[in-house]
Amino acid sequence: MVTVGDICKYLIPKGYTLAVTLEIADATLGGLAFGVGMTTYSHKVGLYQETIVSYEVVLGDGSLVKATKDNEYSDLYHCLPWSHGTLGFLVGLELQIIPVKPYIHMKYIPIKGQKKYCDLIRQYSGAMDKDKETADYIEATIYSKEKAVLMVGNFEDADIAEKSGKINRLSRWYKPWFYKYVETFLDRGESDEYIPLGDYLLRHNRAIFWVVESMIPFGNNPLFRFFVGWLLPPKPAFLKFTTTPGVRAMTFTKQVFQDIVLPMTELERQIDVAEELFDTYPILIYPCRIYDHGEKTGQLRPPRKDQMCPGTNWGMFNDLGVYGVPSAVKRRERFDAVEAYRRMEQFTRDVGGYAFLYADTFMDLKEFKQMFDLTLYERVRKKYKAIGAFPHLYEKVKPEIDVFKVGKEYIDPLS
Ligand SMILES: Cc1cc2nc3c(=O)[nH]c(=O)nc-3n(C[C@H](O)[C@H](O)[C@H](O)COP(=O)(O)OP(=O)(O)OC[C@H]3O[C@@H](n4cnc5c(N)ncnc54)[C@H](O)[C@@H]3O)c2cc1C
């Protein structure tokens, strides 16, 4: 139950942070371990799971075990990420931390032209060059098919940041939402500033990337921010409590929430497909290594040969984050959400990618097994007495409502 907010408060004053975290203060370290975690440092070290040294887990028979990469529970260790609590209860984690400096020197680089920004994201993240010296943090936000802002951040000492006169405490409650602020650089041109590390790590917290905009369209209004901006983001428990069946149906028929891990070799196609199916911007891009662990593969398959960075055991992938209202819904036209999500999932399987399982899935079990390798997972479930004690992964993550039926009911723009 330790949250990202708790760990940032604890580690940063001591000069450290987690190697991989998430920019949402209420996310838990356990949820990231059993779901998935990825951040703007992941082009250096991969997913959150790569930074987990050990898991302490209570198994289906009530016994407590500690699983590490090399001990007798190493098979369990490899299957716990992306398992969503279907192999045991997590009660302890040992995580890799990194030394930090108190500020991030951030450069905002606006770019016009899809080919140009895709090439620059690949180049800056060292996607195809293992010797490339990369920045500490890399992220891109795409505002239309042809316009993006690349953000490149490096740790910096306090004296340099403080002398610069360019400090921005951007996570304060009255400041503009981060993605709105970043968008201004498309007109203002390239720029740089210094951001206190804690503010940087939680920069997407208040607007939950850009999800809050569809709930509170006036949330970025300066008056709203000044007087009640501290109320954001809404608490997950509050959102769950206020989700009626109608609201639940609209979470996928009138909006889209998807995070998908896709190979960066296909970056242009990812954006084209997302635009064709949903046509909603901004789109989030976080570069992330996906490692080939050989025999010791859990639910993620090794990247394909042409996706590997030459001379390494990893391929550069990225999170494609698509959140918002599809343009067909905005124009009050027919939008077949199930068809759109299924085509996105088909594309993801075709290129060897993975859908984050916190989001709704529309795959049948056969398709799910094409995306995720459940070979070792099934063996581990049997060996560690999870069968009968915990649901199967597919059962746990598939939507709790009949999305096919609900999807049909809401295709019509007036529904
Ligand atoms: C808009 C949006 C954007 C996102 N963007 C990103 C992103 O950029 N990068 C990223 O990495 N992720 C992103 N995520 C997804 C996020 O990583 C997951 O939701 C993650 O699981 C968050 O942690 P949590 O504490 O909320 O997890 P939860 O949803 O609470 O938990 C995840 C799973 O693990 C299980 N679980 C949790 N704790 C335990 C335990 N102690 N024992 C057993 N089982 C347990 C839960 O039952 C659940 O199935 C995004 C999510 C949203 C909504």
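Note that the coordinates shown come from a computational prediction; the quantities given were computed from them, not determined experimentally. The analysis underlying the following values was restricted to heavy atoms, covering all of them including side chains, and did not include hydrogens, waters or symmetry mates. Numbering of ligands and ligand atoms starts at 1, following listing order. Numbering starts at 1 and runs along the sequence shown.
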Worksheet item: Do Arg203 and Tyr200 meet the cation-pi criteria used here (NZ or CZ under 6.0 Å from the six-membered ring centre, within 45° of the axis)?
Response: yes

Discussion item. Does Lys112, at its NZ atom, have more than 12 non-hydrogen atoms belonging to other residues, nucleotides or ligands within less than 6.0 Å?
Written reply: no

Worksheet item: Nearest protein heavy-atom contact for atom 50 (C) of ligand 1: which residue, which atom, what distance?
Response: Asp259 OD2, 3.6 Å

Item to complete: Mark the output for Phe257 as yes if a heavy-atom distance to ligand 1 is under 4.0 Å, and as no if none is.
Response: no

Discussion item. Tell me whether the count of non-hydrogen atoms from other residues, nucleotides or ligands lying under 6.0 Å of NZ in Lys69 goes above 12.
Written reply: no

Discussion item. Does only the side chain of Leu22 get under 4.0 Å from ligand 1, or the backbone, or both, or neither? Count heavy atoms.
Written reply: side chain

Worksheet, complete the sentence: A student comparing Gly30, Gly321, Gly31 should find that the heavy atom closest to atom 28 (P) of ligand 1 comes from Gly31

Practice prompt. Check step by step if side chain to side chain contact (heavy atoms under 4.5 Å, CB included) holds for Val57 and Leu64.
Written response: CA-CA 6 Å; Val57 182; Leu64 173 68; 5.9 Å; no

Worksheet item: Quick check: are there more than 12 heavy atoms from other residues, nucleotides or ligands sitting under 6.0 Å from NZ of Lys408?
Response: no

Worksheet, complete the sentence: atom 51 (C) of ligand 1 sits nearest the protein heavy atom Tyr358 CZ, 3.3 Å

Practice prompt. Report the nearest protein non-hydrogen atom to atom 11 (O) of ligand 1: residue, atom name, distance rounded to 0.1 Å.
Written response: Met38 N, 2.5 Å

Practice prompt. Please confirm whether Val36 comes within less than 3.5 Å of ligand 1 when only nitrogen or oxygen atoms on both sides are compared.
Written response: yes

Response to the item:
of all protein heavy atoms, closest to atom 34 (O) of ligand 1 is Phe34 CB, 3.5 Å

Discussion item. With respect to His84, determine whether any N or O atom, backbone or side chain, lies less than 3.5 Å from an N or O atom of ligand 1.
Written reply: yes

Worksheet entry | ligand 1-proximal atoms of Val211, by part, heavy-atom distance under 4.0 Å | side chain

Discussion item. A cation-pi test, strictly: NZ or CZ of Lys14 under 6.0 Å from the centre of the six-membered ring of Tyr10 and no more than 45 degrees from its axis. Yes or no?
Written reply: yes

Worksheet item: Can you list the ligand 1 atoms lying under 4.0 Å from a non-hydrogen atom of Ala27?
Response: 23 (O), 25 (O)

Worksheet item: Using 4.0 Å as the upper bound for N to carboxylate O, is an ion pair formed by Asp75 and Arg379?
Response: no

Discussion item. Taking 4.0 angstrom as the limit and counting only heavy atoms of Phe89, give me the atoms of ligand 1 inside it, by number and element.
Written reply: 42 (N), 43 (C)

Fill in: Polar proximity ligand 1 side, Glu23 side, N/O cut 3.5 Å exclusive
no

Fill in: Ion pair Arg248/Asp360, N-O distance below 4.0 Å
yes

Worksheet entry | Thr28 N/O under 3.5 Å from ligand 1 N/O | yes

Worksheet item: What residue and heavy atom of the protein are closest to atom 41 (N) of ligand 1, and at what distance?
Response: Leu90 O, 3.1 Å

Response to the item:
heavy-atom search around atom 8 (O) of ligand 1 in the protein gives Asp319 OD2, 3.3 Å

Fill in: Straight-line distance of Phe347 CZ to Leu262 CG, nearest 0.5 Å
5.5 Å

Practice prompt. Can you label the angle between the Phe155 ring and the Tyr41 ring as parallel, tilted or perpendicular, going by 30° and 60°?
Written response: tilted

Worksheet item: Does ligand 1 have a heavy atom under 4.0 Å from the side chain of Phe356, from its backbone, from both, or from neither?
Response: side chain

Practice prompt. Count the heavy atoms of every other residue, nucleotide or ligand shown that sit under 6.0 Å from CZ of Arg188, and state whether that count exceeds 12.
Written response: yes

Discussion item. I need the Tyr394 OH to Phe372 CZ distance, nearest 0.5 Å.
Written reply: 12.0 Å

Discussion item. Taking a cutoff of less than 4.0 Å between a non-hydrogen atom of the residue and any ligand atom, is Ala33 in contact with ligand 1?
Written reply: no

Item to complete: Under 4.0 Å, heavy atoms only, figure out whether ligand 1 is touched by the backbone of Tyr323, its side chain, both or neither.
Response: side chain

Discussion item. Please report whether atom 47 (O) of ligand 1 has a protein non-hydrogen atom at a separation of less than 4.0 Å.
Written reply: yes

Worksheet item: Hey, is Arg122 close enough to Glu268 for a salt bridge, meaning N to O under 4.0 Å?
Response: yes

Worksheet entry | Gly35 N/O to ligand 1 N/O under 3.5 Å | no

Discussion item. Within ligand 1, which atoms have a heavy atom of Gly88 less than 4.0 Å away?
Written reply: 43 (C)

Worksheet item: Among all protein non-hydrogen atoms, which one is nearest to atom 22 (C) of ligand 1, and what is the separation to 0.1 Å?
Response: Leu32 CD2, 3.9 Å

Practice prompt. Determine, step by step, whether Lys175 and Asn168 satisfy the side-chain hydrogen bond (donor to acceptor under 3.5 Å, both in side chains) criterion, reporting the C-alpha distance in whole Å, the side-chain angles of both residues, the deciding distance to 0.1 Å, and the verdict.
Written response: CA-CA 9 Å; Lys175 292 273 184 167; Asn168 184 1; 3.0 Å; yes

Worksheet item: Can you list the atoms of ligand 1 that are under 4.0 Å from a heavy atom of Gly85?
Response: 43 (C), 44 (N)

Worksheet item: Judged by non-hydrogen atoms, does Lys396 sit under 4.0 Å from ligand 1?
Response: yes

Discussion item. Looking at Tyr16, I'd like to know if its OH atom is crowded, meaning that more than 12 non-hydrogen atoms belonging to other residues, nucleotides or ligands lie closer than 6.0 Å.
Written reply: no

Worksheet item: Under 4.0 Å from any heavy atom of Gly37, which atoms of ligand 1 are there?
Response: 11 (O)

